[in-house]
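One structure is given here, and the rest of the page talks about it.
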Amino acid sequence: MKIVIIGGVAGGASAAARLRRLNEKAQIILLERSGFISYANCGLPYYIGGAIQDAEELTLQTPESFWDRFQVEARVGHEVLSIDRETKSVTVRQLSTGKTYTETYDKLILSPGAKPFRPNLTGIDSEKIYTLRTVEDTLRIRKAAVDAGCKAAVVVGGGFIGVETAENFRELGMEVTLIEKQTQVLGQFDSDIASFVHTHMQEKGVRLLLGKSVAGFEENRNGVTVHIENAQPIQTDIVVLAIGVVPDNQLAKNAGLALGQKGSIAVDDQMQTSDPDIYAVGDAVEILHKITGEKSLIPLAGPANKQGRIAADAICGLDSRYKGAAASSILKIFDMTAASTGINERIARAENIKYDKVILSPASHATYYPGGKVMTMKVLFERNSQRILGAQIVGYDGVDKRIDVLATAMQANMRVSTLGELDLAYAPPYSSAKDPVNMAGFIAENLINGKVKQFYYEDLATLPRDGSVTLLDTRTDGEYRMGHAEGFETHIPVDDLRCRMQELDQSKPVYVMCQSGLRSYIACRILTQNGFDCYNFAGGYRLYKSIHAGKQASTQAYPCGMDKK
């Protein structure tokens with residue numbers, strides 16, 4: 001059997017290795033357009049900033065090492081120009097010589113990936129405007145930023161690549177402006193959780209221009225002028241476009257293969273295309289979203305690796321099936337970590353899913369042990385079934401393991417209330433006896449059982465200010481003096497509530513806020529059992545303050561040369 005694979009990196013390289021492990025006799029040829037067959041795509045921004053100092057560390061396999069271990073013939077610098085399905089062959093151009101040749105196949109695997117989207121804007125072809133997809137791209141950006149002595153950079157787009165690139169330019173001491181068309185970065189998060197990211201990025205010296213669109217570029221002797229709709233232009237040395245990716249579908253489209261969402265390659269659960277001898281994997285394919293049940297594009301390394309394995313299994317006669325992905329992801333933002341899995345509120349509303357949510361601010365480990373840091377967790381679940389729909393966490397230590405536990409619970413179809421039953425490892429340096437995941441389950445259980453009623457940030461604007469309700473802050477005197485939410489003029493610390501309850505009008509609903517949501521929950525339990533109609537603010541004043549700060553994303557550049565690392 002002769003198998004040709006177009007494209008390496010995550011999907012193609014993993015398929016090649018799995019094929020060899022299953023079939024020692026097959027002829028396997030991998031054709032890669034770039035100069036590298038398997039590289040750490042997700043690590044590319046960190047070479048720019050210097051966290052990864054040796055470019056060779058980005059390369060996971062070379063053609064030589066791939067041959068030595070797997071006897072896979074990997075040809076880098078070879079671009080496939082077309083697929084002839086009738087003759088079962090591909091036309092290939094060797095980029096170093098320009099020569100073309102034909103390669104036949106018994107089975108073909110497409111792993112072309114996704115390519116950065118480049119809008120049709122004036123001046124976009126300037127050599128000072130970069131995209132980041134390959135090792136060659138990151139080498140060029142690093143060379144331009146460091147060797148040319150760039151002092152300022154503009155990053156267009158606030159997704160994974162945009163945020164990580166902005167961070168790494170700041171690590172070089174550069175002035176960095178990130179422009180994002182939407183009103184928040186990182187669209188997989190809801191705006192309330194993203195607000196913590198906004199504040200942190202600004203504290204680290206990244207200038208955020210949110211809700212702004214780039215109108216065009218103008219190269220000049222001083223660098224590039226970035227023109228922005230309804231805003232002043234920005235002069236910069238270098239620009240990186242990170243405004244999203246689109247499936248690299250040209251080969252599949254020209255070959256007449258069926259396409260799916262946004263031009264992606266349509267495949268079944270064995271990664272087989274509409275041609276039974278052609279398979280497709282990675283960022284270019286349409287897959288099932290595990291939560292919505294809809295076909296979707298999820299351009300992440302984890303799914304791509306798994307898909308490569310499934311395609312190899314199918315070619316070798318194994319009944320492996322790809323069951324979709326929940327889009328679990330995580331990223332570093334300076335010393336902060338942000339992670340998500342499943343869907344957010346925006347998607348839940350679009351899918352007409354009736355959901356509830358819990359928001360909490362637990363410490364990463366026992367508070368009496370030094371070094372614990374607060375994280376913010378948000379868990380969405382379906383009202384009737386208690387099915388976990390998604391989770392978002394932002395914080396410092398311990399974010400990664402909590403999102404993985406929640407992703408695992410979601411895939412296991414656990415009900416949200418059973419999160420409290422999970423038997424998770426505990427020692428003071430690592431967690432609390434009631435782990436944050438357990439706490440999310442307890443809060444959800446109380447909500448489901450009617451032990452507590454919640455209200456949310458988006459409800460604040462509709463709360464009456466005519467005295468018909470009581471807006472109560474239950475934090476300490478010192479906390480209250482440092483700031484409180486608008487309208488929350490009634491202040492009784494939770495520990496004084498029982499002896500001062502007569503100050504409240506039992507005929508009025510009471511909306512309670514504290515710093516994180518715990519003391520206001522305790523207050524609600526006290527008040528509810530004493531005949532009050534009580535509502536607890538999810539997330540606490542900490543969330544309220546972050547959203548307000550995030551809405552005021554700075555539009556003022558910090559002074560030239562100012563280092564805020």
Residue pair [X] / [Y], side-chain donor-acceptor N/O under 3.5 Å:
| X | Y | answer |
| --- | --- | --- |
| Ser34 | Thr134 | no |
| Tyr355 | Glu345 | yes |
| Glu382 | Ser385 | yes |
| Asn254 | Gln250 | yes |
| Tyr521 | Asn446 | yes |
| Asp275 | Thr273 | no |
| Glu351 | Thr292 | no |
| Ser320 | Arg309 | no |
| Arg542 | Gln515 | no |
| Ser361 | Ser516 | no |

Inspect the contact between [Y] and [X] and indicate whether a charged nitrogen and a carboxylate oxygen are less than 4.0 angstrom apart.
| X | Y | result |
| --- | --- | --- |
| Asp397 | Lys373 | no |
| Asp400 | Arg402 | no |
| Arg346 | Asp190 | no |
| Lys508 | Asp533 | no |
| Asp269 | Lys323 | no |
| Lys262 | Glu286 | no |
| Glu445 | Lys451 | no |
| Asp248 | Arg133 | yes |

State the [atom1]-[atom2] distance between [X] and [Y], to the nearest 0.5 angstrom.
| X | Y | atom1 | atom2 | value |
| --- | --- | --- | --- | --- |
| Leu543 | Ile193 | CG | CD1 | 6.5 Å |
| Arg321 | Leu288 | CZ | CG | 13.5 Å |
| Leu527 | Leu472 | CG | CG | 7.0 Å |
| Lys354 | Asn384 | NZ | CG | 8.5 Å |
| Leu110 | Leu108 | CG | CG | 5.0 Å |
| Leu241 | Thr131 | CG | OG1 | 7.0 Å |

Would you say [X] has more than 12 foreign heavy atoms packed within less than 6.0 Å of its [atom1]?
| X | atom1 | result |
| --- | --- | --- |
| Asn449 | CG | yes |
| Asp335 | CG | yes |
| Glu486 | CD | no |
| Lys181 | NZ | no |
| Asp466 | CG | yes |

What closest approach, in Å, do [X] and [Y] show between heavy atoms, and which atom pair accounts for it?
| X | Y | value |
| --- | --- | --- |
| Pro45 | Leu132 | CG-CD2, 3.9 Å |
| Ile448 | Ser417 | CD1-CB, 4.5 Å |
| Leu518 | Cys514 | N-SG, 3.5 Å |

Out of Asp283, Leu297, Leu259, which one pairs with Ser264 under the side chain to side chain contact (heavy atoms under 4.5 Å, CB included) rule? Leu297
Decide yes or no for [X] and [Y]: does some side-chain heavy atom of the first lie under 4.5 Å from some side-chain heavy atom of the second?
| X | Y | value |
| --- | --- | --- |
| Thr177 | Thr236 | no |
| Glu229 | Lys212 | no |
| Ile238 | Tyr130 | yes |
| Met439 | Pro362 | no |
| Leu331 | Thr337 | no |
| Lys332 | Tyr46 | yes |
| Ile109 | Ile315 | yes |

Steps toward side chain to side chain contact (heavy atoms under 4.5 Å, CB included) verdict (Glu458, Asp192): CA-CA 10 Å; Glu458 56 267 29; Asp192 50 2; 5.6 Å; no
Side chain of [X], backbone of [Y]: donor and acceptor closer than 3.5 Å?
| X | Y | answer |
| --- | --- | --- |
| Thr165 | Gly162 | no |
| Thr462 | Asp459 | yes |
| Thr199 | Phe196 | no |
| Gln184 | Phe189 | yes |
| Glu167 | Val163 | no |
| Arg387 | Ile291 | yes |
| Arg465 | Leu463 | yes |
| Arg170 | Lys204 | yes |
| Asn249 | Ala284 | no |
| Asp435 | Leu422 | no |

Could you check, using the six-membered ring where one of them is a Trp, whether Tyr544 and His484 have ring centers closer than 6.0 angstrom?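 Tyr544 vs His484: aromatic centres not under 6.0 Å.
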Going through the checks in order, is the side-chain hydrogen bond (donor to acceptor under 3.5 Å, both in side chains) test met by Gln392 and Ser340? CA-CA 4 Å; Gln392 303 161 49; Ser340 69; over 6 Å; no
Apply side chain to side chain contact (heavy atoms under 4.5 Å, CB included) to Ile161 and Val245, showing your working. CA-CA 10 Å; Ile161 294 297; Val245 295; over 6 Å; no
Going through the checks in order, is the side chain to side chain contact (heavy atoms under 4.5 Å, CB included) test met by Gln182 and Leu210? CA-CA 6 Å; Gln182 304 302 319; Leu210 304 178; over 6 Å; no
Steps toward side chain to side chain contact (heavy atoms under 4.5 Å, CB included) verdict (Lys453, Asn536): CA-CA 6 Å; Lys453 294 184 286 188; Asn536 182 30; over 6 Å; no
Do the ring planes of Phe455 and Phe537 sit parallel (below 30°), tilted (30 to 60°) or perpendicular (above 60°)? tilted
Aromatic Phe381 / basic Lys357 pairing, under 6.0 angstrom, 45° off normal: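 Verdict for Phe381: no cation-pi partner in Lys357.
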